[in-house]
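Here is the structure we will look at, set down as structure tokens.
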Amino acid sequence: MAARYCITTPIYYVNALPHIGTALTTLAADVTARYQSMQGREVFFLTGTDENGTKVKEAALAAGKPPQEFVDSIAGRFSDIWHGMDIQYDDFIRTTEPRHVHAVQEFFKLLQEKGHIYKGLYEGWYDVSSETFYREADLVDGKSPDGNEVRWVQEENYFFRMSGFAEPLLRHIQAHPKFIIPESRKNEVVAFINQGLRDICVSRHNPGWGIPVPGDETQVVYVWFDALINYVAAAGWPAAGWQDRWPADVQWMGKDILTRFHATLWPAMLMGAGLPLPTSLVGHAWMLMGGEKISKSKGNVVAPLDLAAELAERSGCDPKIAVDAVRYYMAATLPFDTDSTFTPDDFDRRYNSDLANDLGNALNRSLAMSHKFTGGKIPGGAVEPDAATAISAAIAAAEKAMTEFRIDHAAEAAWSLVRFLNKYIDTRAPWALAKNQDPSLPAVIRSMLACLRATEGLVHPILPNTSAAIATQLGLEPISLWSQIGKEGSLTEGTKLSEPRPIFPRLELHKPVVSKAERKETKSEKSMATPETLKPAQSTHSAEIHSEIGIDDFAKVQLKVGRVLEAEAIEGSDKLLRLQVMIGPEKRQIVAGIRNNYQPIDLIGRQVIVLTNLKAVKLRGVESQGMLLAATDAEGGAILLQPDQEAPEGTQVR
RNA sequence: CGCGGGGUGGAGCAGUCUGGUAGCUCGUCGGGCUCAUAACCCGGAGGUCAAAGGUUCGAAUCCUUUCCCCGCACCCA
């Protein structure tokens, strides 16, 4: 019976579809899964979607669909995208499935029985306008720190005794150096726990969507508590046999959800329930777009399948190979400790230099020479020593990388072999050997093919389609086991080689070199972001939610023309400006988050469109009696709307 | 003083824990080869390792201080 190896990704929230930033985690998990599978282990690779949470209900409502139907369609699109990227997961769990709901409720009950969950009175001074609770000590003259009225409220909720787990957690982290990876994240987690862990409220008032607390229908389980349990729910827990799929050997995730959730709350929950902890938690860094975090609101989302389709079209490569190219880029530049940046130019460059020039061309020239010099068949004999050394060094480096979860280093290891091959060919110059009828020619050709065969195996976890294409061109069955890589027996003497055909056609690069000074300039002109940066952002896969309203609904909105009289920055805030706006005879104070694009001086005297019948609210302690209408630029900044020509102040906008 | 990450040739990064000739990929310039997808190979130029001070025989690396960039949090009505 083969040793098992369990891998998880987080379950994705269904409010947006994956882009190359979020898909990174799933790709890393897939590469790990394929590698472990090659090692002969029985792999269980779990992913899924998080469908509870009140925002889902709201989004469904906005889309005019029943929540379940809405969620079904999004979950389906997730699995379509994963399939398109050749992600081979073994199970896809959805938090609306009965097996998950059941596990969550059982887990909750178990923790209750063990005394780790208690019902507590959540009480305190509540500031209604800012929806925040304050302690007695926080109040200033009987009001909130912002100066709002507060009232005493009591709410019953369930609490998880996380405070008791700080010591056990620290001990576990100490005793298991590979529990939290990378090191920098581990330090962060330790620092976080040392600050002290507080009991955490694990239920909310039931909004009609979510998992009810067992025995108390008025409450639903807190979404994070709920979500984390998916890992054991998918293993079948609490039914017998869950040990086959839990604990996970590795749980991949982005660094943002490591510290607070996976490295503290989650292990504390498991300890409380008496369940084993995962072996490793890996929190990779982010892939940024043009130096910023990829996010839907900034409009800089790049969908992996769009990127692949576009590449296939531009380069003429096979669509499956284009998917590999995207996988390669993501794997080879996988941000581990520190964030990296995606740019379309960088993607193109890596495609050309690494895939087309290095790997593709090495395969192509090697096959061409085999046909020309040794009759198109794999010669027998031994691989030359330096080639054999290079092969085993690459295998060792790739193995080390994989055990450290450094997917990027694993790619680098494979490429070190490809680079060796290109050097080797030039050094040994088979064309010269052929001319001189040198007897070492067959051994050199065999050595070249051996490098390619080993490369095929090494890149298999990252580039499954490319790997298969290499095997096909070599006329061999694909390598399926890691232990076969580099073995003489994997290169059968006399095998007929296919005609060489470029796997990765080169891309024609138009691209101008952008100097640092030029780039800076572009950046300072906010709305002038470079066109090529924006282009791929127009994702055809984005999960925009459309809903229709009637004219009556619109009539509820009162918009008027106003003129800015005064403007000043609000201290302690990056974005907020305090504006005094004349709307007809009336003067209003409005707070607007537009400072990234507008200085106070730019605004004075300017006409703006104001939403006037919006409930007043305090922002950073300053009351705002309305809202300015603005569009959003590529970087999430505001672009103010203004009448096409001067309009009388107070004019109704329709 | 909210928390955290980072500043290394034109670009992207490694090296920092465990001080000892500054390394890799891309770009650039020159040369070579002709098997190959104008691909490949070799060589050169280009760095006061953000700044200052300190420890040391010796600092990118250790200590102190400062400056700058970026996330998160707050906040975008």
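So that the names make sense, note that chain A is the first sequence line, chain B the second, and so on, each numbered from 1.
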| query | What stem regions, each of at least 3 consecutive Watson-Crick or G-U pairs below 3.5 Å, can be found for RNA chain B? | reply | B:2-7 with B:67-72, B:10-13 with B:23-26, B:28-32 with B:40-44, B:50-54 with B:62-66
| Going by heavy atoms closer than 4.0 Å, what residues in residues 440-450 of chain A are next to RNA chain B? |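 Those residues whose heavy atoms fall under 4.0 Å from RNA chain B, taken from residues 440-450 of chain A, amount to none.
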| Taking for each residue the nucleotide of RNA chain B bearing the nearest heavy atom, is the 5' side occupied by Asp337(A) or by Ile590(A)? |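 Final value for this comparison: Asp337(A).
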| query | On RNA chain B, nearest-nucleotide positions of Arg350(A) versus Ala356(A): which is more 5'? | reply |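 It is Arg350(A), whose closest nucleotide lies nearer the 5' terminus.
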If I take atom [atom1] in residue [X] and atom [atom2] in nucleotide [N], what distance separates them, rounded to the nearest angstrom?
X: His409(A); N: rC13(B); atom1: NE2; atom2: P; result: 13 Å
X: Arg419(A); N: rA39(B); atom1: CZ; atom2: P; result: 16 Å
X: Leu363(A); N: rA39(B); atom1: CG; atom2: P; result: 18 Å

| field | Reported OG1-to-CZ distance for the pair Thr333(A) and Phe347(A), which is rounded to 0.5 angstrom | value | 10.0 Å
For [X], which contact category applies under a 4.0 Å heavy-atom criterion: base, sugar-phosphate, or nothing?
X: Ala362(A); result: nothing
X: Phe192(A); result: nothing
X: Asn364(A); result: base
X: Leu367(A); result: nothing
X: Pro502(A); result: base
X: Asp354(A); result: nothing

| query | Nearest of rU25(B), rC72(B), rA39(B) to any side-chain atom of Trp286(A)? | reply | rC72(B)
| What's the closest nucleotide to the Asn422(A) side chain, out of rC35(B), rA14(B), rC41(B)? | rC41(B)
| request: Kindly assign one of parallel, tilted or perpendicular to the pair Phe504(A) and Tyr351(A), based on the angle between their ring planes and the thresholds 30° and 60°. | output: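 It falls in the perpendicular class, over 60°.
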| query | Should the pair Trp224(A) and Phe261(A) be assigned to parallel (<30°), tilted (30 to 60°) or perpendicular (>60°) ring geometry? | reply |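 Aromatic pair Trp224(A)/Phe261(A) classed parallel.
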| task | Rounded to whole angstrom, note down the C1' distance from rA14(B) over to rG6(B). | result | 15 Å
| task | Can you establish whether the number of heavy atoms outside Gln558(A) located under 6.0 Å from its atom CD is more than 12? | result | yes
Set out, line by line, the N/O atom pairs under 3.5 Å between protein and nucleotides 29-33 of chain B.
residue, atom, partner, partner atom, Å
rG32(B), N2, Asp426(A), OD2, 3.3

| query | Is there a donor and acceptor pair, one atom on the side chain of Asn361(A) and one on the base of rA39(B), closer than 3.5 Å? | reply |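 Looking at the base of rA39(B), it does not pair with any donor or acceptor on the side chain of Asn361(A) (distance under 3.5 Å).
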| task | Would you indicate whether the side-chain heavy atoms of Leu603(A) and Val608(A) approach each other to under 4.5 Å? | result | no
| message | Looking at Glu188(A) and Lys255(A), is any side-chain nitrogen of the basic one under 4.0 Å from a carboxylate oxygen of the acidic one? | response |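 No, Lys255(A) and Glu188(A) are not salt-bridged.
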